[in-house]
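By convention here, the first residue in the shown sequence is residue 1.
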Amino acid sequence: MARSRQLAPGIGRFSRSQAAARRQLYKGPKKSEKAAAAEVPPFKEVKVGGEKNGGTRLVPTSKAPRFYPAEDVRLPKKSRKSPKPAKLRSTIVPGTVLILLAGRFRGKRVVFLKQLDSGLLLVTGPYKINGVPLRRVNQAYVIATSTKLDLEGFKVIQLIVPLPCQVHPFAG
């Protein structure tokens with residue numbers, strides 16, 4: 001039975017995700033216990049007829065591939081360039097008030113704390129004042145203002161900043 005009846009040629013009744021849900025693909029592949037294959041030796045000894053042929057020969061159990069590449073595969077040229085974090089704009093120093101240009105908090109004024117190893121800027125609202133939490137921002141998406149705050153005695157702790165692809169340890 002077709003899970004997604006066609007309305008017109010090439011157009012199914014259900015969307016791709018609905019059809020997948022009906023096929024129950026979310027359950028994952030079926031796993032069955034397979035018996036471990038017995039180890040096959042690479043060569044077997046075969047009896048050969050004839051007086052002068054030595055009596056036995058070692059014959060490979062699996063055939064060699066019929067296709068071999070004509071030449072070795074060329075490796076890409078090694079680059080001597082190493083990734084370096086973006087150079088910080090001269091107008092941006094710790095304590096500078098920046099205006100965010102993109103993202104959820106665009107238009108908000110934030111305080112620059114430090115540049116991270118990745119080259120991104122660590123900024124904060126502070127959260128209690130304007131609701132902007134500690135955020136990583138690309139310096140291309142900020143405008144530096146001439147207003148500077150004195151961060152004397154303020155210590156930016158070493159933060160473990162996870163990458164977006166990493167799973168948060170406290171996420172349920």
Side-chain angles (χ1 to χ4, degrees), residues 1-46 58-88 98-143 156-172:
M1 181 183 123
R3 306 271 183 208
S4 180
R5 196 177 79 242
Q6 287 195 344
L7 299 176
I11 300 170
R13 162 75 178 82
F14 301 111
S15 69
R16 193 183 310 172
S17 58
Q18 286 173 320
R22 286 168 171 269
R23 288 200 319 250
Q24 298 179 345
L25 292 179
Y26 57 86
K27 290 185 176 177
K30 291 186 170 73
K31 294 182 176 126
S32 60
E33 293 296 322
K34 292 181 182 172
E39 181 125 350
V40 179
F43 295 97
K44 67 177 180 180
E45 203 166 305
V46 176
L58 284 176
V59 178
T61 53
S62 61
K63 282 188 173 180
R66 291 181 62 191
F67 169 76
Y68 290 100
E71 293 181 11
D72 292 336
V73 178
R74 297 186 79 181
L75 294 171
K77 189 177 174 186
K78 285 209 165 85
S79 172
R80 283 187 241 113
K81 296 175 181 171
S82 59
K84 299 178 195 80
K87 193 166 169 271
L88 195 59
L98 309 173
I99 301 171
L100 298 181
L101 298 176
R104 183 175 164 206
F105 299 101
R106 61 183 162 273
K108 293 272 189 181
R109 284 163 177 75
V110 294
V111 180
F112 168 66
L113 301 177
K114 70 173 193 173
Q115 188 176 28
L116 301 170
D117 295 334
S118 62
L120 296 175
L121 311 180
L122 184 69
V123 299
T124 183
Y127 182 75
K128 200 167 187 181
I129 296 172
N130 64 359
V132 180
L134 275 176
R135 284 180 71 85
R136 297 172 299 163
V137 182
N138 188 328
Q139 65 178 326
Y141 298 103
V142 298
I143 296 174
V156 179
I157 57 170
Q158 182 63 37
L159 292 168
I160 300 169
V161 183
L163 295 173
C165 61
Q166 291 176 340
V167 178
H168 197 275
F170 304 116

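- Applying the side-chain contact (heavy atoms from CB on, under 4.5 Å) rule to Tyr68 yields the partners Ala64, Pro65; only residues at least two apart in sequence or on another chain are considered.
- Contact of the Arg106 side chain with the Leu101 side chain is not registered, since no non-hydrogen atoms from C-beta on lie closer than 4.5 Å.
- Scanning both residues, Arg136 and Leu120, for their nearest heavy atoms gives CB-CD1, 3.9 Å.
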Begin from the C-alpha positions of Val110 and Thr124 and carry the test side-chain contact (heavy atoms from CB on, under 4.5 Å) through to its verdict. CA-CA 6 Å; Val110 294; Thr124 183; over 6 Å; no

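- Going from atom CG of Leu122 over to atom CG of Leu134 covers 5.0 Å, rounded to the nearest 0.5 Å.
- Among residues two or more places apart in sequence or in another chain, the side chain to side chain donor-acceptor pair (under 3.5 Å) test is passed with Ser62 by none.
- By the side-chain contact (heavy atoms from CB on, under 4.5 Å) test, Arg135 pairs with Phe105, Val123, Val132, Pro133, Val137, sequence neighbours left out.
- Gly125 and Asn130 make their closest contact through CA-OD1, 2.9 Å (heavy atoms, listed as atom of the first residue, atom of the second, distance).
- With sequence neighbours left out, Gln18 forms a side chain to side chain donor-acceptor pair (under 3.5 Å) with Ser15.
- When all heavy atoms are compared, the tightest approach of Leu7 to Arg13 is CG-CA, 4.0 Å.
- Partners of Thr61 by side-chain contact (heavy atoms from CB on, under 4.5 Å), not counting sequence neighbours, listed by chain and number: Val40, Lys44.
- Here Leu88 pairs with Ile92, Phe112, Gln115, Leu121, Gln139 under the side-chain contact (heavy atoms from CB on, under 4.5 Å) rule; sequence neighbours left out.
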